[in-house]
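Hydrogens, waters and symmetry mates are skipped; everything else that's a heavy atom, side chains included, is used. Throughout, protein chains are lettered first and strands after them, A, B, ... in sequence-line order, and every chain is numbered starting at 1.
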Protein chains: 2
Amino acid sequence: MARKKEFDPEERMEKARDLFWEKGYNATSMEDLVQTMGLNRGSIYDTYGDKHSLYLQCLGNYAAEKLKEHKEAASGTSPMERVENMIRSAVEATVNTGKCCMAVNSTFELAAVDQSVHSIIKNNWKDIVDFFEQLLTDAKAQGEISADKDPKLLAEFIAANFTGLWQTFILSRDKKQVEKLAQFLIDMVKN
Amino acid sequence: MARKKEFDPEERMEKARDLFWEKGYNATSMEDLVQTMGLNRGSIYDTYGDKHSLYLQCLGNYAAEKLKEHKEAASGTSPMERVENMIRSAVEATVNTGKCCMAVNSTFELAAVDQSVHSIIKNNWKDIVDFFEQLLTDAKAQGEISADKDPKLLAEFIAANFTGLWQTFILSRDKKQVEKLAQFLIDMVKN
DNA sequence: TACCATCTTGAACGATTGTTCTAAAATTAT
DNA sequence: ATAATTTTAGAACAATCGTTCAAGATGGTA
């Protein structure tokens, strides 16, 4: 019938995602995207729609991948150990790549004024908190955390602390300090 | 000698600051600033320099005012009570105005790529952490927190949690939830 | 009163923004 | 090989970007 695309849409989208991730939405121009994705303007519009639509796809892709990474990081023999590993591996990923969470960047740049962005991030946030809550409920049942703790509140607290860790990293650029803070969080949660 | 300015530079700068605060740096255009500040383009450039320079002045103004507000909020008879009031009044200000911390917005939009912005925010952050540390050192001396706690680490932890509270507020827009989370933080710190 | 440094005004600058369009190249089913 | 159809390349769009500039208005000083 007709020609096939010369490129892999998913692969090129990830290039766009990494650029948005690094520069933010507003600071990334269409020309930047053309250069980085290695695609013609027309091909981008034809495949992904306009800039905003492309961004939403990138953010959605990021959110899904991040959730998967969190779950993969939740290895361990006990619930609390799994929680610890999730925290440690998130910190590890940040200090190794030097990049913070794209969803958090996006929260502070756009979520307050962009309903679509807000919705994507909020749902992703909820997924992560829910996952923590499940683990903490298990931890409570096994006596790893004290009986008077509220798993849901604790889950929200841990998730909120991720953002604090990222901000600390941006300002300090100090691997040790972020790791120390993460360990402190773990100690606090375990009591 | 010559004409005097028809406007109060400080007052108009605060209008610019509020606009940057609301929309972020990149999403705010010079035309937006002209409208909001009620000044001619020429007057803006003549008084504040270019857009980036104006932004830095706005951010510096915000940081100084925020630090002052934090210190003013630190009322109470005991050190720990003062810490609690600082946390509560920060939360109060956020849920009442509906606006998060401009410095935190700026951290995630610019600090990773803009050295001047990074420097302003990092210094302001240090001032706030130092202030917390002093109070927590006093609290420790008076036995309000246990002797095995590290005031500096605890101060960094509290400051980092502010950012988490702001993100939670942006995503949930739920006053109650943010207040609950703040109370949880206070409980954690006090043990 | 006359001067003149400074402020205000608004038009205008070139560059860049996001987006669209046309025409040529490429692919595949017939 | 032909026809059908899509992808490409890149020119071009109007709009907006941040910034500059020249000319008129102002008011304190001599």
With nearest nucleotides of DNA chain C determined for A:G42 and A:N26 from heavy-atom distances, which residue corresponds to the more 5′ nucleotide? A:N26
I'd like to know whether NZ of B:K23 has more than 12 heavy-atom contacts from other residues, nucleotides or ligands below 6.0 angstrom. yes
Looking at A:K149, I want to see if its NZ is surrounded by more than 12 non-hydrogen atoms of other residues, nucleotides or ligands under 6.0 Å. yes
Euclidean distance, atom [atom1] of residue [X] to atom [atom2] of [N] [Å, nearest integer]:
X     : N      : atom1 : atom2 : answer
B:M30 : C:dG10 : CE    : P     : 17 Å
B:E31 : D:dT19 : CD    : C1'   : 13 Å
B:Q35 : D:dT16 : CD    : P     : 13 Å
B:F7  : C:dC7  : CZ    : P     : 8 Å
B:L54 : D:dT19 : CG    : P     : 10 Å
A:Y25 : C:dT17 : OH    : C1'   : 11 Å
A:R41 : D:dT8  : CZ    : C1'   : 14 Å
A:R12 : D:dT8  : CZ    : P     : 9 Å

Can you label the angle between the A:Y55 ring and the A:F20 ring as parallel, tilted or perpendicular, going by 30° and 60°? perpendicular
Of the listed nucleotides (C:dG18, C:dC7, D:dT19), which one gets closest to any side-chain atom of A:K51? C:dG18
I want to verify a distance call: between D:dT19, C:dG18, D:dC17, whose nearest atom is closest to the B:D50 side chain? D:dT19
Quiz item: B:N40 side-chain donor-acceptor pair to C:dG10 base, under 3.5 Å: yes
Presence of salt bridge, B:R41 and B:E31, under 4.0 angstrom: yes
For B:S29 and D:dT16, is the shortest distance between a side-chain N/O and OP1 or OP2 below 4.0 Å? no
If only side-chain N and O atoms of A:S43 are considered, is one of them under 4.0 Å from the OP1 or OP2 phosphate oxygen of D:dT7? no
Looking at every strand, decide which applies to A:S53 at a 4.0 Å heavy-atom threshold: base, sugar-phosphate, or nothing. nothing
Please check if any side-chain donor atom of B:R17 sits under 3.5 Å from a side-chain acceptor atom of B:Q57, or the reverse. no
